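Just so it is clear, the structure is predicted and the values come from calculations on it, not from any experiment. What's counted below: heavy atoms across the whole structure, side chains too, no hydrogens, waters or symmetry copies. Order of the sequence lines sets the chain letters (A, B, ...), proteins ahead of strands, with each chain counted from 1.
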Amino acid sequence: MGEKIQTPVETKKDTIVARATAPGIGAIGIVRVSGTEAFSVLANIVRKKEKLNALKDKQMQLVDILDKDGVIVDQAMVVKFSEPHSYTGENVVEIFLHGSPFIISQVIDLCCRVGARLAEPGEFTLRAFLNGRLDLTQAEAVSDLISASGKASHRAALLQKQGNLSERIHQIRDRIISVLGLIELDIDFTDQELPLLDNTKIMGDLEDIFELLEDLLKSYQRGRLAMEGAVIVIGGPPNVGKSTLFNALIGEDKAITHDVPGTTRDAVEAMVEWGGWTVRLVDSAGIDEEYSGVDQQAVDRSKRLTETADLVLWVVDAVDAEKAEKPSWITAKCMIVINKVDLVDESILSTFDFIAVSALKRLGLDRIKDDVISDIFEDNRIIESTALLTKERHHKAVEAAIGFIVNAKFIFQEGSGIELAAFELNEAVHKLQEITGEITNDDILQDIFSRFCLGK
Amino acid sequence: MNEQSRKFDVIVVGGGHAGCEAASAAARLGCRTVLITQDAKKLAAMSCNPAIGGLAKGHLVREIDALGGIMGVITDRSSIQCRMLNRSKGPAVWSPRVQCDRLRYSEEMVALIRETENLEVCEGEVVDLIINGSTCVGVVHKNGVEIAGQRTVLCGGTFWNAVIHIGEWSTAAGRIFEAPAVGLSDSLSRLGLQKIRLKTGTPPRLDGKTIDFSKLDQQDSDPEPIWFSQNHPSEQSPQKPCFLAYTNDATHKLLSSGLDRSPLYSGRIGGTGPRYCPSIEDKIVRFADKERHQLFLEPEGLETDEYYINGFSTSMPEDIQEAALKTVPGLERVKVNRPGYAVEYDAFQANQLKNSLETKLVRHLYLAGQVNGTSGYEEAAAQGLIAGINAVRSLTQKDPIILGRDQAYAGVLIDDLITKVPVEPYRMFTSRAEFRLLLRQDNAHLRLYEIAKDIGLKSKANLAAIADVKNTAKIVFIELKSTRIKLFDTTQPIAVFLKRPEITLQSLMRDQSLPDRTVDLIRLHSEAARQAELEIKYEGYLVRQRAQVDAFRKMENQKLQSNFNYTSINALSAEARHALQGTQPSTLGQASRLPGVRPADISVLMVVLRQNYQRS
């Protein structure tokens, strides 16, 4: 037939090793080994390997790691997990070292010398997936977990990993399938005495499904904020102390401050954690409608920045407090912050409903943080119990599913062929199953596994 | 038979709907064929209801005709009532159903088979297979004579080790008063094929002279004749109405009183029956709160007063059957000509077959029809046709005909059979066909044209007529897209107006909204015009469905090696490993449809395939 016959082959069974903690200097560095030979790899790099024979699963053991000449590299805690009760589903060894990058790379080298090889990016998770330890959404969540920076993002990732999103999607899918069942019954058993298809009930069901999906879609904003953090742009006219405020909020002198207007030509960004939420704080160049020439570019850039922001902190000099208002060209959420309150009579300010701060004196900064949290992140308790959409891919799929549900509703209203409504509902089911990985799509897999960082 | 005459190219065992199709196809494709059956005068007997087609089954019959089978021809010759079901819904789920004169149907089949060249009918029973190594080379007749055949197609229907139950009475029989077939099923088991035990049932037959039709609702034939075949007679035979009756509380009470004597409820029947076609005793137990059940009285023929009572399938004792029927308004004085009964029979798990319907274990041996766990004449005939064709193609070293799920209901049927282990006799439904918007009953001949040409059963004239419709439909399509008319104060191409649900070509012609040239074109080529109209009306959906087909094809085209050791892939779930190992699917798509294979397992296979691909 000319077609290439592909033969499934045994998955790679070799033993892999990699650093399991983020690069850089930390108190502890973990090296992970996975594969059939994981235990012997460990045995071959320690002093008194017989100590390991008695070691039970998930039990810690102090060992000396020796290099090829028998010299101690580090004193380490080791723990082993036997297949299939490990993260990858294979035999796994974790070696807890003192966090020096040098020690860690030396231990990885040693492991490679005695039979392991360096893991490819995402290979641990790939193996976990291949061994049925993770489904697709869970696998995606792992990459989030690794890059999670704040408490909220950690929680969102953890919930997804525990299958919460899959469960919520399954519930909605089952509702669609139950409507589909009614329709198919009406098509395939039309020659039998059955109650007529109850259009009102089906419209009600579709409306419910629509709302469930809309709720899920809305959770994307929260989910995205939880995972990626909120982008908060500090804007305002030149020389109102934007950079001073930026520095005060991040607690270090990252932005250059100067009293010459227009010091900040390029946006400066910092990640901070407020109340468990990740915030990406951006200091923009001063925006003045009268600016021209070389600075025009910087101003345009600032304007563009505000367009992608979740919130703009619009800073105004306390002297101009009376004129303070949100510029009409800002489309994002906006909070007005009156700076330099230490330079004016405070009684004037009490007449305005603005946040008044002195960035220089570090006064009123907590008010900004509190308002931002309540304004942007809303009620963060929702995170505790509800699965969130955190991926652009999921968002698109839910959006598409909603489109199909809307089509189905329209078909019922118009009365044009319930087999077409069934077609739409089937499409919706497929879209939702794409999220849980139940429809296998090469591209999705490719995308997911290429995004893992080394180690997991 | 002398020594020479006992050698055939193709042996077909069983003269039911599957066997007749298989034998006819093999013979017409030029193979010396023998059809061995218990009673040569009873070919293609309608053991249950006297109707062909119906939901999804009507699609199958059109496809059988499109591929060159004979069921449609015979049905058209014996039609006594025809209806298009689901007419209130979209054209994709319209299904033609034709009531047939039961006796006439069989007579027409006997005549057609008799006049088929290369085809010999041999009365008797086959009790064993002749196996050489792992190849079937013939069969053994009950009288001890061996018949040699290069290919063998088994179509045992419900006869293998069959037992019939009526109340507390039971007897070995395949149809009432007809002996079962004993031996063959055990031969297959000895060869290592896995057997299952299924059950089906049939309702009583009533004497129409004792029915008060004035108390029943009458259902007439559609005004326009419905034909399944391109080669239909010019005139329709006289038509006869069906009637509707209803059970009531008294019926249900009577039936309940006899449940302890029912073989179903006393545990004497072990086989699994169809959930979609429950017996009346099953209905009153499982749907106890339903006040009445509809009964459909179907005429058995033009020259008989006998009626078949659809919806009253039962294996209750005869006295209960009769007493319960007499509680139904209109049936107070009814005489039961023949009681309803249940039949248990052996079938074989069809996942032991290849797509061609040849068994994986025994070469040159094919299984078709109810022995593969299906129910229904149409499902059986479709398999018989494909098995007959593929037996010949294997003999002539051609690739087997494998219909895709995107090409035909018959393709869905066979793919389902070989990928799923049946829990009940398998019946075709439109919802089983995921691409049903494309697989309409009205376009069966068009969509299967190329395959039919390849098979070679269709006459040149038939093929030319189909090609003509195909081409003309394109011309009409362009005409409708390019001709602008004025309607509702706007001027637009006809196609734009056609997309509105309430507008059809017919309504446009009636309102005289079309230019003469367009009207002439439509009148001259009504079938092609209908195709063009539907293509335009459902254009958006058809485009989307075709995109789905493309995605489906991507999976179907990923071939998997046969005889692969899936147990070596630890990544697969234990269930998936078992299913893949046992079935050895031919494509990734087929693997994905095996029970126990979860989508995650398919992801695993895809990753493994890709790793392998990257390495090589």
Region of B:Y538 in contact with chain A, defined by heavy-atom distances below 4.5 Å: side chain
Contact winner vs chain A - B:L244, B:T587, B:T430, heavy-atom pairs under 4.5 Å: B:T430
Within 6.0 angstrom of B:Q219 CD, more than 12 heavy atoms from elsewhere: yes
Interchain contact, B:Q545 with chain A, by part (heavy-atom threshold 4.5 Å): both
Atom pair CZ/CZ of A:F404 and B:R544 - distance to nearest 0.5 Å: 5.0 Å
A:D186 CG to B:S88 OG distance, which is reported to the nearest 0.5 Å: 7.5 Å
Lys/Arg-Asp/Glu bridge criterion (N-O < 4.0 Å) met for B:R436, A:E184: yes
B:E502, CD atom: more than 12 neighbouring heavy atoms under 6.0 Å: yes
Heavy-atom closest pair, residues B:G90 and A:E419: CA-OE2, 2.8 Å
Side chain to side chain contact (heavy atoms under 4.5 Å, CB included) involving B:L498 - partner list, sequence neighbours excluded: B:L480, B:I494, B:I503, B:L505, B:L508, B:E533, B:I536
Option that, when pairs with chain A are counted at under 4.5 Å, heavy atom only, ranks first among B:P91, B:P501, B:S431, B:A56: B:S431
Top of B:L437, B:L85, B:N565, B:L588 for chain A proximity - count of heavy-atom pairs under 4.5 angstrom: B:L437
Side chain to side chain contact (heavy atoms under 4.5 Å, CB included) partner of B:K89, the single match among A:I418, A:L420, A:I183: A:I418
Enclosure of A:K396 NZ (heavy-atom neighbours >12, cutoff 6.0 Å): no
Heavy-atom pair of closest approach, residues B:L55 and A:D188: CD1-O, 3.1 Å
